Amino acid sequence: MTDVASQPLVTVTVTDHVATVSLNNAAKRNALSAALLDAFIDALSGLKGQDVRAVILRAAPGLPVWSAGHDIKELPHGHEDPLGYADPLERALRAIREFPYPVIAMIHGTVWGGAFDLVLSCDMIVADETASFAITPVNLGLPYNTTGLLHFIGRLPMNLIKEMFFTATPLKADDAAKWHIVNHLVPSAELDSFTQALAEGMTHKAPLAVAVIKEQLRVLADYQPIAAQVFERIQDMRRVVYESADFQEGINAFLEKRKAVFTGK
Ligand code: YXS
């Protein structure tokens with residue numbers, strides 16, 4: 001029996017210009033810890049030197065949870081922005097968005113919190129019937145960051161964004177297809193082969209054109225002018241939230257495996 005602790009947090013295989021990157025920490029439900037995210041970022045960076053023209057990002061086979069989101073135990077709580085620019089999750093999102101070839105999120109199982117932001121940062125999403133997607137800062141009392149909200153605004157209708165953020169209720173696979181969150185919803189028995197075929201098809205296209213068009217789309221979509229004083233006002237509002245007793249309560253409730261009781265303070 002292989003010692004779980006010795007297994008890599010992220011595994012990479014490459015076949016015919018397609019790399020498959022698997023998140024591999026079943027015991028912690030692929031919680032996005034700094035260690036796992038650093039391994040992921042390193043894996044993606046290492047692929048740049050190879051003749052890889054498409055990436056499939058998946059959880060290790062058979063896991064019922066694709067990823068449980070940001071490692072809550074590692075969320076700064078106190079007088080520090082819990083989702084700052086240097087946060088490992090934010091670095092991973094940028095790594096995906098700046099990777100020169102398509103990254104396809106292949107989803108079997110449930111996706112939580114910041115892992116949903118990670119999946120939305122991929123270029124395409126292929127899911128099966130077991131997939132669900134939830135964004136859950138209100139379960140912790142955490143003020144999501146502005147970059148992250150802009151990711152959602154660029155991908156989802158505002159009424160859906162508000163329902164998902166304010167209820168933290170997982171969106172089931174067929175509703176994710178209805179809202180065009182996923183490119184394809186396929187039976188789980190076909191998920192691997194369908195996603196592999198989608199990836200392979202893109203590897204026969206002109207790679208320079210694919211890479212430049214991906215970067216053009218990124219810079220155009222990310223161009224969201226915001227006045228400095230508006231940004232500063234938003235940061236002040238967020239600071240009140242991440243310094244609140246409620247945020248501390250949200251973290252403590254998770255760590256103590258109990259339901260949080262929020263007071264609005
Ligand atoms: O008790 P042990 O040591 O075995 O560890 C347990 C959990 O503590 C751990 N684990 C996590 N550790 C850190 N961060 C997490 N997000 C996290 N999720 C789980 O994994 C071990 C097994 O967990 P358990 O027993 O709960 O597994 P389960 O199969 O019964 O339930 C799976 C889940 C995913 C439904 C459940 O683990 C869960 O609800 N996890 C939290 C999901 C969540 O709220 N994620 C949001 C994280 S915060 C985030 O991403 C953003 C900052 S935001 O807040 O803005 O969304």
Side-chain angles (χ1 to χ4, degrees), residues 4-5 7 9 23-40 59-60 62-78 80-94 96 105 107-122 130-153 155-156 160-173 181 234-235 237-239 241-244 246-260 262:
V4 170
Q7 285 184 358
L9 293 172
L23 307 181
N24 185 41
N25 190 359
K28 297 296 182 188
R29 306 301 184 265
N30 283 338
L32 300 176
S33 62
L36 185 146
L37 290 167
D38 285 342
F40 167 68
L63 299 189
V65 177
W66 194 88
S67 171
H70 200 295
D71 187 321
I72 294 172
K73 299 180 175 88
E74 294 184 359
L75 278 171
H77 42 283
E80 187 184 342
D81 189 331
L83 288 176
Y85 184 81
D87 185 275
L89 172 63
E90 299 305 311
R91 290 192 289 110
L93 301 184
R94 294 194 294 271
I96 292 172
I107 312 297
H108 172 88
T110 55
V111 178
W112 301 85
F116 188 19
D117 202 345
L118 187 89
V119 166
L120 287 178
S121 291
C122 293
T130 69
S132 70
F133 306 89
I135 183 67
T136 53
V138 299
N139 286 349
L140 290 176
L142 180 142
Y144 213 70
N145 63 2
T146 302
T147 309
L149 289 179
L150 286 171
H151 292 160
F152 284 88
I153 291 169
R155 279 282 273 113
L156 278 59
L160 175 64
I161 295 170
K162 290 181 178 178
E163 181 174 345
M164 291 192 77
F165 269 89
F166 300 157
T167 67
T169 301
L171 192 74
K172 294 191 177 358
I181 291 172
I234 288 173
Q235 285 300 90
M237 289 161 57
R238 294 185 62 244
R239 187 173 301 110
V241 178
Y242 65 69
E243 291 183 344
S244 70
D246 271 356
F247 182 38
Q248 194 60 56
E249 162 64 7
I251 299 277
N252 292 344
F254 175 80
L255 298 176
E256 297 159 14
K257 298 186 188 289
R258 63 174 172 79
K259 202 164 172 48
F262 296 120

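Remember, it's a predicted structure, so these values are computed and weren't measured experimentally. We count ligands from 1, going down the list as the structure has it; atoms in each ligand are counted the same way.
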Original post:
How long is the span from the CG atom in Leu32 to the CG atom in Asp117, to the nearest 0.5 Å?
Top reply: 10.5 Å
Original post:
Would you say Ala31 has any N or O atom under 3.5 Å from an N or O of ligand 1, going by distance alone?
Top reply: no
Original post:
What pairs with Ser33 under side chain to side chain contact (heavy atoms under 4.5 Å, CB included), at least two apart in sequence or on another chain?
Top reply: Ala35, Leu36, Asp71, Glu74
Subject >> N or O pair under 3.5 Å between Tyr144 and ligand 1 >> reply: no
**OP:** May I ask whether atom 26 (O) of ligand 1 is less than 4.0 Å from at least one protein heavy atom?
**Re:** no
**OP:** Kindly compute the distance separating CH2 (Trp66) from CZ (Phe116), expressed to the nearest 0.5 Å.
**Re:** 11.5 Å
**OP:** Would you check the N or O atoms of Lys257, main chain and side chain alike, for any that come under 3.5 Å of an N or O of ligand 1?
**Re:** yes
Original post:
Looking at CD of Glu90 and OG of Ser121, how far apart are the two atoms once the value is rounded to the nearest 0.5 Å?
Top reply: 8.5 Å
Original post:
Just to confirm, does any protein heavy atom lie below 4.0 Å from atom 36 (C) of ligand 1?
Top reply: no
Original post:
For Ala68 and ligand 1, does the shortest N/O to N/O distance drop below 3.5 Å?
Top reply: yes
Subject >> Phe116 touching ligand 1 at heavy-atom level, < 4.0 angstrom >> reply: no
**OP:** Would you please say whether a donor-acceptor pair under 3.5 Å links the side chains of Asn145 and Tyr85?
**Re:** no
**OP:** Please state which part of Leu140 comes within less than 4.0 Å of ligand 1, counting heavy atoms only: side chain, backbone, both or neither.
**Re:** side chain
Original post:
Quick one: which ligand 1 atoms are inside 4.0 Å of a heavy atom on Asp71?
Top reply: 13 (C), 14 (N)
**OP:** Among all protein heavy atoms, pick out the one at the shortest distance from atom 3 (O) of ligand 1; state its residue, atom name and that distance to 0.1 Å.
**Re:** Lys28 NZ, 2.6 Å
Subject >> Proximal atoms of ligand 1 relative to Leu142 (non-hydrogen, under 4.0 Å) >> reply: 52 (C), 55 (O)
Subject >> Closest to atom 56 (O) of ligand 1 among Val65, Thr136, Leu32 (heavy-atom distance) >> reply: Thr136
Subject >> Residue and atom name of the nearest protein heavy atom (relative to atom 47 (C) of ligand 1), distance in Å to one decimal >> reply: His70 O, 3.4 Å
Original post:
When you check the side-chain N and O atoms of Asn25 and Gln7, is any donor under 3.5 Å from an acceptor?
Top reply: no
**OP:** Classify the angle between the aromatic ring planes of Tyr144 and Phe165 as parallel (below 30°), tilted (30 to 60°) or perpendicular (above 60°).
**Re:** perpendicular
Original post:
Taking N or O atoms only and a 3.5 Å limit, does Leu83 qualify as a polar contact for ligand 1?
Top reply: no
Original post:
Identify the closest protein heavy atom to atom 41 (C) of ligand 1: which residue and atom is it, and at what distance?
Top reply: Phe254 CE1, 3.9 Å
Original post:
When rounded to the nearest 0.5 angstrom, what is the spacing between CG in Leu118 and CD1 in Ile96?
Top reply: 4.0 Å
Subject >> Closer than 4.0 Å: a protein non-hydrogen atom to atom 17 (C) of ligand 1 >> reply: yes
**OP:** Answer yes or no for Ala27: is there a heavy-atom contact with ligand 1 below 4.0 Å?
**Re:** yes
Subject >> Flag side-chain contact, heavy atom, 4.5 Å: Leu75 against His70 >> reply: yes
Original post:
Below 3.5 angstrom, do we get any N/O pair linking Trp112 and ligand 1?
Top reply: no
Original post:
By number and element, which atoms of ligand 1 are closer than 4.0 Å to a non-hydrogen atom of Gly69?
Top reply: 50 (O)
Subject >> Per-atom contact, atom 39 (O) of ligand 1, protein heavy atoms, under 4.0 angstrom >> reply: no
**OP:** Find all atoms of ligand 1 within a distance of less than 4.0 Å from any non-hydrogen atom belonging to Gly114, and give their numbers and elements.
**Re:** 49 (C), 50 (O), 51 (C), 56 (O)
Subject >> For atom 29 (O) of ligand 1, the protein heavy atom that lies nearest, with its residue and separation >> reply: Arg29 NE, 2.9 Å
Original post:
Which atoms from ligand 1 have a heavy atom of Lys73 less than 4.0 Å away?
Top reply: 8 (O), 12 (N)
Original post:
At what distance, to the nearest 0.5 angstrom, does CG of Leu93 lie from OG1 of Thr147?
Top reply: 9.0 Å
Subject >> Distance flag for atom 54 (O) of ligand 1, protein heavy atom under 4.0 Å >> reply: yes
**OP:** To the nearest 0.5 angstrom, please state how far the CG atom of Leu140 sits from the CZ atom of Phe262.
**Re:** 7.0 Å
